[in-house]
Amino acid sequence: MFEWYMIRATGLAASLLLYLSVIIGLYSQVQKKRKQKVTISLFLHESLANWALYLVIGHVGFLLIDSYISLQWFEVLIPFNTDYKPLPMALGALSFYFLIMTIVTSKVRKKIGYQKWRKLHALNPILYIFVTIHGLLIGTDIQGAVLAAVNILPVILIGGMMLKDKPKLDVTH
């Protein structure tokens with residue numbers, strides 16, 4: 001039972017940290033457009049993503065030692081290589097790789113160039129979508145409606161912030 005609880009706890013906590021990292025990253029972009037300082041929010045954005053990765057590594061580790069499901073490393077790490085819920089497991093593995101790619105490329109963004117990093121970082125909605133679908137299809141802890149609401153709310157808030165910052169046309173007759 002311990003492994004089962006730890007699989008859920010690490011998965012949920014990693015998902016929450018990733019969620020917060022995305023929200024703060026989007027907020028930072030809005031602040032940048034407003035010509036505000038973003039040093040603290042970007043530090044927090046990166047730190048939350050790093051901690052999400054540590055928890056995902058723990059999540060994978062607990063999956064490997066769980067005696068109830070008894071998954072092998074290749075079933076957990078190679079997409080579509082398991083009989084146990086193949087689609088959600090594949091999305092989990094792909095999310096893991098996307099998260100690693102995001103963090104590694106962020107750490108070496110000066111070496112690879114800002115433009116290349118931006119293009120790679122622009123793939124992160126795929127990561128977020130994969131994590132969300134993974135959680136919806138394989139998780140048992142959060143109702144689908146709650147998860148959907150939690151994921152739609154930030155889009156509405158950030159969209160509102162961006163619309164508020166749009167320059168207004170001055171129409172004079």
Side-chain angles (χ1 to χ4, degrees), residues 7-63 77 79 87-139 141-168:
I7 290 167
R8 280 6 179 226
T10 53
L12 280 170
S15 182
L16 176 64
L17 292 179
L18 185 62
Y19 172 82
L20 292 172
S21 178
V22 167
I23 297 301
I24 292 170
L26 292 171
Y27 176 75
S28 296
Q29 291 304 308
V30 171
Q31 291 301 92
K32 241 186 215 180
K33 287 181 181 185
R34 291 179 176 171
K35 308 286 189 231
Q36 301 291 317
K37 278 189 160 192
V38 293
T39 310
I40 293 171
S41 60
L42 287 178
F43 173 78
L44 192 54
H45 169 68
E46 289 181 21
S47 296
L48 289 168
N50 290 339
W51 279 102
L53 177 61
Y54 303 148
L55 285 167
V56 170
I57 291 168
H59 183 68
V60 168
F62 283 112
L63 281 168
L77 297 175
L87 179 60
M89 289 289 289
L91 291 174
L94 292 170
S95 297
F96 181 45
Y97 298 134
F98 262 104
L99 184 57
I100 291 170
M101 180 205 66
T102 298
I103 291 173
V104 168
T105 57
S106 291
K107 301 245 185 262
V108 297
R109 80 178 138 237
K110 287 181 183 171
K111 289 182 181 177
I112 65 173
Y114 185 75
Q115 294 303 319
K116 189 178 284 183
W117 171 80
R118 290 270 310 167
K119 287 178 183 175
L120 291 169
H121 213 69
L123 296 172
N124 281 336
I126 297 169
L127 163 63
Y128 194 76
I129 291 165
F130 282 5
V131 167
T132 302
I133 295 171
H134 170 75
L136 283 170
L137 295 179
I138 210 165
D141 301 305
I142 297 179
Q143 296 289 327
V146 172
L147 191 58
V150 165
N151 284 291
I152 290 169
L153 181 63
V155 172
I156 293 168
L157 291 173
I158 297 298
M161 283 185 217
M162 293 178 114
L163 285 174
K164 181 181 170 194
D165 285 345
K166 250 185 163 177
K168 295 180 181 161

Please check: side-chain N/O of [X] versus main-chain N/O of [Y], any donor-acceptor pairing under 3.5 Å?
{"X": "Ser15", "Y": "Gly11", "value": "no"}
{"X": "Ser21", "Y": "Leu17", "value": "no"}
{"X": "Thr10", "Y": "Val56", "value": "no"}

Might you point out which heavy atoms bring [X] and [Y] nearest each other, and give the distance in Å?
{"X": "Trp117", "Y": "Thr105", "result": "CD1-O, 3.3 Å"}
{"X": "Pro88", "Y": "His134", "result": "O-ND1, 2.6 Å"}
{"X": "Ile103", "Y": "Ala49", "result": "CD1-O, 3.4 Å"}
{"X": "Ser95", "Y": "Leu127", "result": "O-CD1, 3.2 Å"}
{"X": "Ala93", "Y": "Leu77", "result": "CB-O, 4.1 Å"}

| said: Test of understanding: with ring pair (Phe, Tyr, Trp, His ring centres under 6.0 Å), list the residues that count as partners of Tyr54, not counting sequence neighbours. | reply: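 Partners of Tyr54 under the ring pair (Phe, Tyr, Trp, His ring centres under 6.0 Å) test: Trp51.
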Please report the interatomic distance [atom1]([X]) to [atom2]([Y]), rounded to the nearest 0.5 Å.
{"X": "Lys37", "Y": "Leu42", "atom1": "NZ", "atom2": "CG", "answer": "12.5 Å"}
{"X": "Thr132", "Y": "Tyr19", "atom1": "OG1", "atom2": "OH", "answer": "10.0 Å"}
{"X": "Thr39", "Y": "Gln31", "atom1": "OG1", "atom2": "CD", "answer": "12.0 Å"}
{"X": "Leu137", "Y": "Leu87", "atom1": "CG", "atom2": "CG", "answer": "6.0 Å"}
{"X": "Thr102", "Y": "Tyr97", "atom1": "OG1", "atom2": "OH", "answer": "14.5 Å"}
{"X": "Ser106", "Y": "Ile112", "atom1": "OG", "atom2": "CD1", "answer": "8.0 Å"}

| request: Sort out for me which residue in Leu18, Asn124, Asn50, Val131 forms a side chain to side chain contact (heavy atoms under 4.5 Å, CB included) with Leu99. | output: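 Filter result, single survivor: Leu18.
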| query | Looking at Leu136, Ile138, Ile133, which hits side chain to side chain contact (heavy atoms under 4.5 Å, CB included) with Leu91? | reply |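 With Leu91 as partner, Leu136, Ile138, Ile133 yield a single side chain to side chain contact (heavy atoms under 4.5 Å, CB included), made by Ile133.
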| Just checking, is any N or O donor in the side chain of Gln115 or Arg118 under 3.5 Å from an acceptor N or O on the other one? |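 Note: Gln115 and Arg118 side chains miss the donor-acceptor criterion.
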